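Worksheet: one structure, shown below.
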Amino acid sequence: MRLLLVSDFHYALPLFDWVLEVAGDFDVVVMAGDHLDLASLVDGRAQATVVKKYFERIRAKTQLLICSGNHDLDSRNEAGEKMARWLLGRRNDGVLSDGESKTIGGILFTVCPWWDGPVSQGEIGRQLAEAAKLRQGAAQGQAKAGRQGDRHAEHQGRWIWIYHAPPSKSPIAWGGARYFGDDALRNWIGQYQPDIVMCGHVHEAPYVRSGSWVDRIGKTWVFNTGHYMGAPPAHVIIDTEAGEAVWRSAAGNQIIRFDEGLTRPVATLTALPDWLTDGDPSPALVQG
């Protein structure tokens with residue numbers, strides 16, 4: 001399975017255009033929050049209308065997963081905590097969004113909302129507990145699927161989270177002067193040990209000293225693309241069959257292998273891997 005992670009577009013439409021162009025090259029596209037921009041002169045409702053049109057067009061090409069970020073909040077729950085109600089309707093269009101879990105190609109994906117207080121944080125805790133039961137069931141079925149020749153058997157039991165904020169005390173949460181991570185997420189990672197967590201939020205992390213786009217917490221790999229203005233956006237591409245993840249940005253390109261563990265400095269990507277250039281990929285993907 002090939003996955004694309006992007007985040008923090010903040011209503012920069014050329015970035016959405018790039019994803020739309022390359023979406024067909026991926027089995028799953030993940031957009032990890034902050035689709036809108038609170039500082040924009042464009043009204044938030046108008047921004048949401050435009051962005052939802054992009055979601056629809058991307059979804060027509062591949063499976064799309066989206067979570068809310070702190071810039072996406074447009075209403076309040078019964079406890080008075082902020083939430084992104086405009087994203088919840090995406091589940092009616094086949095787009096996996098806040099509060100949902102789904103198995104795709106044998107991998108369980110769980111999409112978590114931005115939490116604004118104890119009530120919404122507690123809802124995420126319950127969501128992860130329920131998803132953990134699904135993961136356990138998938139893992140128990142792995143051997144059976146393998147015996148039956150299911151081509152997704154090798155992925156069964158794998159669990160990927162989409163969560164806008166990175167975990168606390170991680171290089172992917174380092175802003176250059178302090179950490180901006182989520183303590184609750186780090187605790188949940190310790191409890192459940194998902195395979196991968198896809199994040200965003202801290203724009204500077206991959207570009208500043210002591211920061212990074214990748215970290216490993218126990219058995220869990222965590223990623224944050226980082227953000228800068230201009231297309232193509234910084235992005236992470238993961239190929240589960242090849243067992244590799246690459247980070248591509250204007251600041252440079254790096255690669256890790258899941259079976260080799262994490263070493264620093266992270267290896268520089270000197271040439272695109274064969275799995276990324278095979279077939280007929282979009283020119284924007286190869287050049288980006």
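Since the model is a prediction, treat every value here as computed from it, not as a measurement.
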Problem set entry | Donor-acceptor under 3.5 Å (Gln193 side chain, Lys219 main chain) | yes
Exercise. What's the shortest heavy-atom distance between Leu20 and Lys61, and which atoms?
Worked result: O-NZ, 2.8 Å
Exercise. Could you state the interatomic distance from CE (Met83) to CG (Leu73), rounded to the nearest 0.5 Å?
Worked result: 9.0 Å
Exercise. Do Tyr207 and Trp247 have their ring centres less than 6.0 Å from each other?
Worked result: yes
Seminar exercise, completed: Separation between OG1 (Thr277) and CG (Asp25), nearest 0.5 Å, reads 11.5 Å
Exercise. Considering all heavy atoms of both residues, which atom of Leu185 and which atom of Pro167 are nearest to each other, and what is their separation?
Worked result: CD2-N, 3.5 Å
Problem set entry | Test: Lys133 and Glu130 ion pair at under 4.0 Å | yes
For this session: State the CD-SG distance between Glu123 and Cys112, to the nearest 0.5 angstrom.
Result: 11.5 Å
For this session: List the steps and the verdict of side chain to side chain contact (heavy atoms under 4.5 Å, CB included) for Phe55 and Met31.
Result: CA-CA 10 Å; Phe55 289 160; Met31 305 184 74; 3.9 Å; yes
Exercise. Which atoms form the tightest heavy-atom contact between Ser40 and Tyr11, and what is the distance?
Worked result: OG-CD2, 4.4 Å
Exercise. Does Asp274 CG have over 12 foreign heavy atoms under 6.0 Å away?
Worked result: no
Exercise. Does any non-hydrogen side-chain atom of Trp18 lie less than 4.5 Å from one of His235?
Worked result: yes
For this session: Any chance you could lay out the side chain to side chain contact (heavy atoms under 4.5 Å, CB included) test for Ile189 and Val197, step after step, and finish with the verdict?
Result: CA-CA 9 Å; Ile189 290 174; Val197 181; 4.0 Å; yes
Exercise. With no hydrogens and no angle check, is any side-chain donor or acceptor of Glu81 less than 3.5 Å from a backbone partner on Val119?
Worked result: yes
For this session: Measure the acute angle between the ring planes of His10 and His71, then classify it against the limits of 30° and 60° as parallel, tilted or perpendicular.
Result: perpendicular
For this session: Look up atom CD1 in Ile255 and atom CD in Glu244, then write down how far apart they are to the nearest 0.5 Å.
Result: 4.0 Å
Seminar exercise, completed: Between Cys199 and Pro166, the two heavy atoms sitting closest are SG-CA, 3.7 Å
Exercise. Is the backbone N or O of Ala32 less than 3.5 Å from a side-chain atom of His164, with the two atoms forming a donor-acceptor pair by type?
Worked result: yes
Exercise. Where do Ile172 and Val202 land on the side chain to side chain contact (heavy atoms under 4.5 Å, CB included) test, with the steps shown first?
Worked result: CA-CA 7 Å; Ile172 73 167; Val202 183; over 6 Å; no
Exercise. Among side-chain atoms of Ser212 and Arg264, is any donor-acceptor pair under 3.5 angstrom?
Worked result: yes
Exercise. Only one of Leu5, Val30, Leu4 clears side chain to side chain contact (heavy atoms under 4.5 Å, CB included) with Thr225; which?
Worked result: Leu5
Exercise. Is Val95 linked to Val22 within one hydrophobic cluster, defined over Ile, Leu, Val, Met, Phe, Trp and Tyr using a side-chain heavy-atom separation of less than 4.5 Å?
Worked result: yes
Exercise. Quick one: are Ile104 and Leu65 in side-chain contact, heavy atoms under 4.5 Å?
Worked result: yes
For this session: Flag the pair Gln127 / Pro113 as yes when at least one side-chain heavy-atom distance between them is below 4.5 Å, and no otherwise.
Result: yes
Exercise. Just by modelled atom types, is the Asp34 backbone N or O under 3.5 Å from a matching donor or acceptor in the Asp8 side chain?
Worked result: no
For this session: To the nearest 0.5 Å, tell me how far Trp188 CH2 sits from Thr220 OG1.
Result: 14.5 Å
Exercise. Heavy-atom distance under 4.5 Å between the side chains of Ile238 and Trp221, does that happen here?
Worked result: no
Exercise. Taking Ser97 for the side chain and Ile66 for the main chain, is one N or O donor matched with an acceptor at less than 3.5 Å?
Worked result: no
Exercise. Is there a chain of hydrophobic side chains (I, L, V, M, F, W, Y, each step under 4.5 Å between heavy atoms) that links Leu269 to Phe26?
Worked result: yes
Exercise. Does any N or O in the side chain of Thr103 come within less than 3.5 Å of the main-chain N or O of Gly106, such that one atom is a donor and the other an acceptor?
Worked result: no
Exercise. Do Phe9 and Val51 have side-chain heavy atoms sitting under 4.5 Å apart?
Worked result: no
For this session: Spell out, yes or no, whether Val286 and Val29 are grouped together once hydrophobic residues are joined by side-chain heavy atoms under 4.5 Å, including indirect joins.
Result: yes
Problem set entry | Pair Ser68-Trp114, side chain to side chain contact (heavy atoms under 4.5 Å, CB included): steps then yes or no | CA-CA 6 Å; Ser68 58; Trp114 178 269; 3.8 Å; yes
For this session: Could you check whether the rings of Trp159 and Trp161 sit parallel, tilted or perpendicular, using 30° and 60° as the cut-offs?
Result: perpendicular
For this session: Would you mind checking if Asp239 and Arg2 are paired as a salt bridge, meaning a charged N to carboxylate O distance below 4.0 Å?
Result: yes
Exercise. So does Lys169 pair up with Asp215, basic N to acidic O under 4.0 Å?
Worked result: no
Exercise. Ile237 versus Leu276: any side-chain heavy-atom pair under 4.5 Å?
Worked result: yes
Exercise. Does Leu38 belong to the same Ile/Leu/Val/Met/Phe/Trp/Tyr cluster as Trp115, with side-chain heavy atoms less than 4.5 Å apart forming each link?
Worked result: no
For this session: Taking the side chain as every heavy atom from C-beta outward, state whether Phe258 and Ile196 have any pair of such atoms under 4.5 Å apart.
Result: yes
Exercise. Going only through I, L, V, M, F, W and Y residues with side-chain contacts under 4.5 Å, is there a path from Trp174 to Ile256?
Worked result: no
Problem set entry | Closest non-hydrogen atom pair between Val111 and Cys67, with its separation | CG1-CB, 3.6 Å
Exercise. Just by modelled atom types, is the Tyr192 backbone N or O under 3.5 Å from a matching donor or acceptor in the Arg135 side chain?
Worked result: yes
For this session: Report yes or no: does Asp72 contribute a side-chain atom to a donor-acceptor pair with the main-chain N or O of Gly69 at less than 3.5 Å?
Result: yes
Exercise. About how many Å separate CD of Glu100 and CD1 of Ile162, when rounded to the nearest 0.5 Å?
Worked result: 11.0 Å
For this session: Look only at the side chain of Glu21 and the backbone of Ser282, and say whether a donor-acceptor pair between them is shorter than 3.5 Å.
Result: no
Problem set entry | Distance-minimising heavy-atom pair for Gly44 and Leu36 | O-CD1, 4.1 Å
For this session: Please confirm whether Tyr54 and His35 have ring centers closer than 6.0 angstrom.
Result: no
Exercise. Judged by atom type as modelled, is there a donor-acceptor pair below 3.5 Å linking the side chain of Thr62 to the main-chain atoms of Ile58?
Worked result: no
Seminar exercise, completed: Exactly one candidate in Asn224, Asp182, Asn70 meets side chain to side chain donor-acceptor pair (under 3.5 Å) with His201; the answer is Asn70
Exercise. Do Trp275 and Glu241 have side-chain N/O donor and acceptor atoms under 3.5 Å apart?
Worked result: no
Problem set entry | Note, Met198 side chain near Leu3 side chain (heavy atom, < 4.5 Å) | yes
